[in-house]
Amino acid sequence: PGLRIALVWIGGFSISMLLFTGVDNFAPVAALAAAGLAVGIGTFLFPLRRLRSRIAMAKQKELGRVREAIRQERDATLDPNASAADGSRLPALLAYESRIASVSEWPIDTRMRMRFGLYLALPLGSWLGGAVVERLLAALLET
């Protein structure tokens with residue numbers, strides 16, 4: 001949902017940036033563009049905050065559980081009074097811990113980040129494209 005909302009915002013913002021192609025003073029337009037892009041980034045990331053915190057909590061809970069199992073297995077393996085502690089579960093637990101620790105807490109993948117980056121390029125591209133077309137047309141009509 002955040003990506004769609006960001007697309008709508010940035011699409012509308014791109015269209016509105018075309019109104020500023022003939023402006024000679026670049027600073028206010030750049031400030032407006034930066035503010036619009038900040039709002040676009042916010043509309044993309046804001047809905048992901050709660051999901052990210054839930055993933056982080058679940059990750060920490062599972063890491064705590066597996067680390068406790070690793071401690072128990074280690075203690076059983078190192079205990080000289082243990083009867084049949086062979087430590088065969090320890091490599092599997094360590095591999096599982098590594099796998100859980102490598103899980104990303106952000107619920108977005110590379111494709112989604114690339115798509116969002118392209119969405120962010122829309123306002124700048126439309127503004128620059130409009131300015132270039134306006135200059136070319138002005139140059140053609142003057143001759």
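These numbers were taken from a predicted model, which means no experiment stands behind them. The residues of the chain are indexed from 1 along the displayed sequence.
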Participant: So, do Gln60 and Glu105 sit near enough that their side-chain heavy atoms are less than 4.5 Å apart?
Facilitator: yes
Participant: Do Arg65 and Glu68 have side-chain heavy atoms sitting under 4.5 Å apart?
Facilitator: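 Side chain of Arg65 against side chain of Glu68, heavy atoms only: no contact under 4.5 Å found.
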Participant: Roughly how far, to the nearest 0.5 Å, is the CD atom of Gln72 from the CZ atom of Arg67?
Facilitator: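 That separation rounds to 15.0 Å.
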Participant: With hydrophobic residues grouped by side-chain heavy-atom distances under 4.5 Å, do Ile55 and Val66 end up in a single group?
Facilitator: no
Participant: I want to check something: taking the side chain as every heavy atom from C-beta on, are Leu63 and Lys59 in contact at a cut-off of under 4.5 Å?
Facilitator: yes
Participant: Tell me whether Ile100 is reachable from Leu94 by hopping between hydrophobic residues (I, L, V, M, F, W, Y) whose side-chain heavy atoms are closer than 4.5 Å.
Facilitator: yes
